[in-house]
Protein chains: 2
Amino acid sequence: MPTTDDSRIDTAELDARKAAILNAVVTEYIGSAQPVGSQHVVDAPGVSVSSATVRSDMAALERDGFLAQPHTSAGRIPTDKGYRFFVDHLAGPGSLDPGGRHQVRQFFDHAHGEIEQMLERTSGLLADLTDCTAMVVGPSHESAVIRSVQLVGMGSRQALLVVVLADGAVQKQSIEFGEEVDEARLSDAAARLAAHSLGLPLTQVRAKVPSTGDRSTDAVTAVGVRALRALGAADGGEHLFVGGSSRMAAAFDAVETVRSVLTILEQQLVVVTLLRDILDTGLSVAIGTEHGVEPLASCAIVVMPVSVDGVETGTIGLLGPTRMNYPLALAAARVVGDRLGERLSEASR
Amino acid sequence: MPTTDDSRIDTAELDARKAAILNAVVTEYIGSAQPVGSQHVVDAPGVSVSSATVRSDMAALERDGFLAQPHTSAGRIPTDKGYRFFVDHLAGPGSLDPGGRHQVRQFFDHAHGEIEQMLERTSGLLADLTDCTAMVVGPSHESAVIRSVQLVGMGSRQALLVVVLADGAVQKQSIEFGEEVDEARLSDAAARLAAHSLGLPLTQVRAKVPSTGDRSTDAVTAVGVRALRALGAADGGEHLFVGGSSRMAAAFDAVETVRSVLTILEQQLVVVTLLRDILDTGLSVAIGTEHGVEPLASCAIVVMPVSVDGVETGTIGLLGPTRMNYPLALAAARVVGDRLGERLSEASR
DNA sequence: GTTAGCACTCCACTCTAGTGAGTGCTGAAC
DNA sequence: GTTCAGCACTCACTAGAGTGGAGTGCTAAC
């Protein structure tokens, strides 16, 4: 086939003027949410040609899949591919405005107390900064080392296994015994559990602590071990905090779209794995259908890992319409993610 | 004033036929969300008159404020007052359908694990049952007795105060010392804290445990006491779980309404105090503007206290449009509230 | 390759009936 | 005095026609 292979255009750079035009269209559309006509583009930097020339370039950009027309005599709107090119090649690094930076500083200066509460508030902060819905996946406690194991009696046949981890998280699991158990046996069993598990991360506990069958374990200890192994397995060890879901209602004018997006947000597991999947594919932005979750086809997602002590363990996500402010969202996610990581690293030291 | 005093109609019963007509209008409007015309009412039970008579009754009901007309030549829709009369005098007790009852049984048979997770899932259950947004305010831990106090070292200058309460909740507070503190001093301080607070509810701790100044307390214990007194004060001790917020998007077709309602739902404190206020006024349903939160003017709220060991300590709330299915919502809230209360009572025993 | 000019397209808006569901009123029947 | 058939009336909703304007694609000239 000697003719031009269209599929190769995907990777080809656009010439400078086409890029400038695409940039202008995306930028203006993000601001106005209205299709952009050739006339609105001629004043943009890097485009010093007439509207007629812009039109022919826009037609080319449409042929190549970067722009689309809602109808024949309308302006152009970016396609997912257009946004993708914008994010990858055109958008500057972006930065928070001074007000936003101040807000972040304030927040982390005054953040204190329980980790869960801090993550919850972080999602609110991100939503405020970006006008997007923010998702914060708490650092997994899987790799945190056990600092303390305790059995607290809750009535004659019940106890609560309380495990304190090095990152400040406290996990618990209620235990039911077949027989009455007094405090002495409880503390005895707790001591044995501690001996086996102190200093190990949760993952290791499951692997290394003998499940049962050990001749030295009594019934109480055996039940405790089982509870210990079950710790954190219930919710996958990760908890999701969603902030600013009302922003989705402001972003779309079709109430049906809002409903389906909210429905997704209610499914914690779906969201957590979605964010993980995007990170795993090496992306920091997933646009439109790139992430494969159909109800979010008109949304874009910005993800940012949160590193605690150099290990990527938490995740920050920003959900908005595909015409979201990518530079701002990326900047906010980066800044907040970094600060949050630092903060959590301090706490786990 | 010898003429009829209109304000007295508020408390006056409606005559049987007017009540039947109001009942029919409310019921039909809840189902269809369309203004109801006189023709649609003639077949309703208790209304064996012609549409002309129905019309004149409807006009009277409108004069008395039970019904309203969107415009002159449209059918009638209920006013807040109309819904109020319906809820107070017309709606039957209501009951869950067998499927719903089965769902509730299933849920509580399989509910286990941490209390927070259970409350979260309860909100989802309620949303499923009623098609409303569900709010569950966890039982306050204020009155729960302290079962265990522990100080876990987290590095040389930091520790975590971990308090286990009789209801299975675990509260924590991180502590920073001005000096290095070894394990021995920690456990010593923990023992003193325990001596002073074991068996007391959190409220009593704040009242009775000497704050500082006691000659026998060392620096570590003093800091511990301060942390102990601060426990639970941070979030008012109450945590809100919201489930099914996407249902609000299905209930309204104005995206602006959805946005403002979601914004309210994001403010935990507002929601918690709102539910409490409604309960305190002795209502179990707040319709339209009755609760005074302006953005929720087109919503109704069903509240139900959750009793743990005979004490009303938690709250269940259902949020829907004013044309929600009140009998169903009330039934669901009652059933789930009762079962939840039983469950929590067991756990705290 | 660029551009002014031009014909064309099609949405958004307005205006105008026409339709129909629903009303209020009236006068007669019970 | 309550009920009700009949009737004129109201008004949202819909469809169709006309208009303005934003925007396009094409073409011929530079």
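Chain identifiers are assigned alphabetically (A, B, ...) following the order of the sequence lines, protein sequences preceding nucleic acid strands; residue numbering begins at 1 within each chain.
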NA contact type, [X], heavy-atom cut-off 4.0 Å: base, sugar-phosphate, or nothing?
{"X": "A/Ser38", "result": "sugar-phosphate"}
{"X": "B/Gln69", "result": "sugar-phosphate"}
{"X": "B/Ala52", "result": "base"}

[X] has an atom [atom1]; how far is it from atom [atom2] of [N], in whole Å?
{"X": "A/Gln39", "N": "D/dG21", "atom1": "CD", "atom2": "P", "value": "16 Å"}
{"X": "A/Glu62", "N": "D/dT24", "atom1": "CD", "atom2": "P", "value": "10 Å"}
{"X": "A/Asp57", "N": "D/dG23", "atom1": "CG", "atom2": "P", "value": "18 Å"}
{"X": "A/Leu67", "N": "D/dG25", "atom1": "CG", "atom2": "C1'", "value": "16 Å"}
{"X": "A/Met58", "N": "D/dT24", "atom1": "CE", "atom2": "C1'", "value": "10 Å"}
{"X": "B/Ile21", "N": "D/dT2", "atom1": "CD1", "atom2": "C1'", "value": "13 Å"}
{"X": "B/Ile77", "N": "D/dA12", "atom1": "CD1", "atom2": "P", "value": "14 Å"}
{"X": "B/Leu61", "N": "C/dG22", "atom1": "CG", "atom2": "C1'", "value": "17 Å"}

Open item on the list: For A/Arg101, is there an ion pair with A/Asp97 - N to carboxylate O distance below 4.0 angstrom?
Closed with: no
Task: Electrostatic pair A/Asp128-A/Arg247, nearest N-O below 4.0 angstrom - done: yes
Open item on the list: Ignoring hydrogens and geometry beyond distance, is a side-chain donor-acceptor pair present between A/Asp57 and A/Thr53 at under 3.5 Å?
Closed with: no
- [ ] Report yes or no: do A/Asn23 and A/Thr27 form a side-chain donor-acceptor pair below 3.5 Å?
- [x] yes
TODO: May I ask you to verify if any side-chain N or O of A/His40 is less than 4.0 angstrom from the OP1 or OP2 atom of D/dA22?
DONE: no
TODO: Using a cut-off of strictly less than 4.0 Å, decide whether B/Arg76 has a side-chain nitrogen or oxygen near OP1 or OP2 of C/dA21.
DONE: no
TODO: With the side chain of A/Arg55 defined as its heavy atoms from C-beta on, choose the nearest nucleotide among C/dG24, D/dC4, D/dT24.
DONE: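 Looking only at side-chain atoms, A/Arg55 lies closest to D/dT24.
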Task: Nucleotide nearest B/Thr53 (side chain, heavy atoms from C-beta), chosen from C/dT3, D/dC4, C/dC11 - done: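 Between C/dT3, D/dC4, C/dC11, the one nearest the side chain of B/Thr53 would be D/dC4.
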Task: A/Ile21 CD1 to A/Leu67 CG distance, which is reported to the nearest 0.5 Å - done: 9.0 Å
TODO: Nearest-nucleotide wise, let me know which of B/Thr72 and B/Ser51 is further upstream toward the 5' end of DNA chain D.
DONE: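 Going by which nucleotide is closer to the 5' end, it is B/Ser51.
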Open item on the list: Here's a test of your reading of the structure: between B/Ser50 and B/Pro70, which maps to the more 5' nucleotide of DNA chain D?
Closed with: B/Ser50
TODO: Establish whether the base of C/dT9 is bridged to the side chain of A/Ser73 by a donor-acceptor pair shorter than 3.5 Å.
DONE: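 A donor-acceptor contact between them is present.
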